[in-house]
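For reference, the structure discussed in these notes is given below.
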Amino acid sequence: MQSEIEFCDEGAILSAKEPLGDGLAHLTFQAPRIAKAARPGQFVMFYPLSEARSHDPLLGRPMAIAGASGGAVEICLSVAGRGTEIIYSLPIGARCRMRGPLGSGFSAPRDKIMLVGGGIGVAPLIFAHVFYGASASSMRFVMGIPHKGWGSFVNWVGRRVQALHVWSDDGSIGEKGSAVDAACALYSGEEIWTCGPVTMLRSLVRRIPDARISASLERRMACGYGGCHGCVVPTANGPKRVCRDGPVFNAEEVRWDEL
Ligand SMILES: Cc1cc2nc3c(=O)[nH]c(=O)nc-3n(C[C@H](O)[C@H](O)[C@H](O)COP(=O)(O)OP(=O)(O)OC[C@H]3O[C@@H](n4cnc5c(N)ncnc54)[C@H](O)[C@@H]3O)c2cc1C
Ligand code: FES
């Protein structure tokens, strides 16, 4: 589903920051225009440097919208490298450039939904749960994490999501196993919305082949709005841009073997 208005660039102000251990954090930015237009599954490109500093790093960093209300855009951050480290280190009150909302998100639910998130991939699913929770006849939330270092993050998600099923690789929190193991164990014919590493998504599609699955893909991005073709993925209908044609795709369409 495409948002009704196009994206915009907006000066966003960091208004709240909650470190959640293991390089994870929940950040809230005041960005009213983007917040008003945002829909679950869409993302923002984040240009972390203040206007006073140089354009380094030059490219924005894509971040799923984890919440949007009251003029605020929320993201869940996992530090992966230099760009995300800069975002993590921003002080309250920092002003950044945010571009969004970008991409097409999840379509309004028709029936029962199971949300399946791997690691930080839960971020867009949290927004989907809050935004569409009342529309679906039921919405279960499955979250896979690596180890107990993610405990604070799990607690944070648990404050927003009912019917949360947590599975961890080492069994330290919830059941032992991956998000895919959890989805296989709990699946009862509902539609699946999922986000996480490509290996996880591919495994999910293979292990529950009869499920209707909408998968949010990640790719390295440059422009974020369809201009550079730097983020294409192979599909049954030819190459598609994750930033513009996705990031949410019908899993049947994606050529998983070629990703
Ligand atoms: C649509 C979309 C939504 C995203 N949502 C979130 C989110 O909600 N929270 C979050 O923390 N991260 C999210 N990411 C991933 C995030 O954009 C990358 O981790 C970030 O751009 C890395 O930048 P860096 O400068 O910190 O790391 P770099 O130094 O550029 O790279 C560090 C490591 O991260 C890997 N990496 C970089 N970009 C990506 C990417 N796009 N996907 C997978 N691996 C990558 C690199 O291969 C490298 O191994 C999302 C990515 C996309 C495409
Ligand atoms: S990042 Fe430029 S087309 Fe997708």
Side-chain angles (χ1 to χ4, degrees), residues 3 7 12 17-29 34 38-49 55-68 73-90 96 98-106 115 117-130 143 145-146 150 153 156-157 160 193-202 214-235 238-249 254 259:
S3 175
F7 63 86
K17 173 165 142 179
E18 188 177 1
L20 295 168
D22 218 34
L24 301 161
H26 166 238
L27 305 180
T28 305
F29 292 87
I34 295 174
R39 293 293 178 271
Q42 292 190 297
F43 66 100
V44 292
M45 286 296 271
F46 204 90
Y47 301 84
L49 294 186
H55 294 287
D56 176 33
L58 180 65
L59 299 176
R61 297 298 190 264
M63 291 285 145
I65 298 171
V73 172
E74 298 174 62
I75 64 169
C76 297
L77 182 72
S78 173
V79 173
R82 184 155 170 269
T84 43
E85 179 65 50
I86 292 171
I87 299 171
Y88 186 87
S89 307
L90 289 172
C96 317
M98 190 182 276
R99 173 175 295 162
L102 294 161
S104 59
F106 296 101
L115 304 168
I120 204 67
V122 298
L125 305 180
I126 293 168
F127 189 20
H129 179 84
V130 170
M143 174 179 188
I145 56 159
W150 284 57
F153 186 64
W156 180 85
V157 176
R160 282 155 182 77
W193 294 357
T194 186
C195 182
V198 165
T199 47
M200 175 203 129
L201 301 180
R202 188 190 293 122
S214 295
S216 182
L217 299 184
E218 284 193 11
R219 269 299 199 244
R220 300 296 295 257
M221 290 183 179
C223 70
Y225 57 82
C228 72
H229 288 250
C231 63
V232 293
V233 289
T235 78
K240 293 245 174 128
R241 300 158 300 179
V242 170
C243 69
R244 183 75 188 182
D245 305 313
V248 178
F249 289 89
V254 177
L259 273 183

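Whatever order the structure lists ligands and atoms in, that order sets their numbers, starting from 1.
- Only backbone heavy atoms of H229 (N, CA, C or O) come within less than 4.0 Å of ligand 2; its side chain stays farther off.
- Residue contacts with ligand 1 for P197 are absent, since no atom lies close enough (heavy atoms, distance under 4.0 Å).
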Check against side chain to side chain contact (heavy atoms under 4.5 Å, CB included), M63 and T84: CA-CA 10 Å; M63 291 285 145; T84 43; 3.6 Å; yes

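- Protein heavy atom nearest atom 5 (N) of ligand 1, with residue, atom name and distance: A64 N, 2.9 Å.
- Both the backbone and the side chain of A80 come within 4.0 Å of ligand 1, counting heavy atoms alone.
- Every atom of ligand 2 with a heavy atom of A222 under 4.0 Å away is listed here by number and element: 1 (S).
- Classification of the F106-W193 ring pair by plane angle, with boundaries at 30° and 60°, yields parallel.
- Both the backbone and the side chain of T84 come within 4.0 Å of ligand 1, judged by heavy-atom distances.
- Atom 33 (C) of ligand 1 is flagged as protein-proximal [any protein heavy atom, distance under 4.0 Å].
- The two atoms that bring C96 and L90 nearest to each other are SG-CD1, 3.5 Å, heavy atoms only.
- With respect to atom 27 (O) of ligand 1, the closest heavy atom belonging to the protein is G81 CA, 3.4 Å.
- No N or O atom of M63 sits closer than 3.5 Å to an N or O atom of ligand 1.
- When G103, C231, G227, G246 are checked for heavy-atom proximity to atom 4 (Fe) of ligand 2, C231 turns out nearest.
- For atom 41 (N) of ligand 1, a protein heavy-atom neighbour is present inside the 4.0 Å cut-off.
- In terms of polar-atom proximity, P62 is counted as a contact of ligand 1, with an N or O under 3.5 Å from an N or O of the ligand.
- The closest protein non-hydrogen atom to atom 21 (O) of ligand 1 is R61 CD, 3.2 Å.
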Test side chain to side chain contact (heavy atoms under 4.5 Å, CB included) applied to L259 and R219, step by step: CA-CA 10 Å; L259 273 183; R219 269 299 199 244; 3.2 Å; yes

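- For the atom pair CG (L201) and OG1 (T194), the distance works out to 5.0 Å, reported to the nearest 0.5 Å.
- Atom 44 (N) of ligand 1 has as its closest protein heavy atom E218 OE1, 4.5 Å.
- For the atom pair CZ (F46) and CD1 (I86), the distance works out to 11.0 Å, reported to the nearest 0.5 Å.
- Close approach to L77 involves these atoms of ligand 1, each under 4.0 Å from a residue heavy atom: 11 (O).
- Of the polar atoms of P247, none of the N or O atoms is found under 3.5 Å from an N or O of ligand 1, judged by distance alone.
- Closest heavy-atom contact between W156 and I126: CZ3-CD1, 3.5 Å.
- Which parts of ligand 1 touch A123 is read off a 4.0 Å heavy-atom cut-off, strictly below it: atoms 8 (O).
- If you check which protein heavy atom lies closest to atom 11 (O) of ligand 1, you get S78 N, 2.8 Å.
- Using 4.0 Å as the threshold, I75 has no heavy atom nearer than that to any atom of ligand 1.
- For atom 30 (O) of ligand 1, the nearest non-hydrogen atom from the set Q42, M221, R220 comes from R220.
- Nearest heavy atom pair, residue Y88 against residue A25, reads CE1-CB, 3.7 Å.
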Residue pair V122, C76: steps toward the side chain to side chain contact (heavy atoms under 4.5 Å, CB included) verdict: CA-CA 9 Å; V122 298; C76 297; 5.8 Å; no

I'd like to know whether V242 forms a side chain to side chain contact (heavy atoms under 4.5 Å, CB included) with K240, so could you lay out the CA-CA distance, the side-chain angles of the two residues, the decisive distance to 0.1 Å, and finally the verdict. CA-CA 6 Å; V242 170; K240 293 245 174 128; over 6 Å; no

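- Remark: side-chain polar atoms of E74 are not paired, donor with acceptor, to backbone N or O of T28 under 3.5 angstrom.
- Taking only nitrogen or oxygen atoms, main chain and side chain alike, F43 does not reach within less than 3.5 Å of ligand 1.
- Here the straight-line distance linking atom CG of D245 with atom OG1 of T235 works out to 8.5 Å at 0.5 Å rounding.
- Metal site remark for atom 2 (Fe) of ligand 2: C228 contributes an N, O or S atom at a distance under 2.8 Å.
- Close contacts of ligand 1 with R82, meaning ligand atoms under 4.0 Å from a residue heavy atom, involve 24 (P), 25 (O), 26 (O), 29 (O).
- F153 and W150 have perpendicular rings, their planes meeting at more than 60° on a 0 to 90° scale where under 30° would count as parallel.
- The proximity of C223 to ligand 2, defined as any non-hydrogen pair under 4.0 Å, involves the side chain as well as the backbone.
- R99 contributes no side-chain N or O that, together with a main-chain N or O of M45, makes up a donor-acceptor pair within less than 3.5 Å.
- Contact between S214 and V248 at its shortest, heavy atoms only, is CB-CG1, 3.9 Å.
- We find the SG-CZ distance between C243 and R220 to be 14.5 Å, quoted to the nearest 0.5 Å.
- Of all the atoms in ligand 2, the ones that sit under 4.0 Å from a non-hydrogen atom of C243 are 1 (S), 3 (S), 4 (Fe).
- The backbone of R219, and not its side chain, has at least one atom closer than 4.0 Å to an atom of ligand 1 (non-hydrogen atoms only; backbone = N, CA, C, O).
- Protein non-hydrogen atoms do reach within 4.0 Å of atom 8 (O) of ligand 1.
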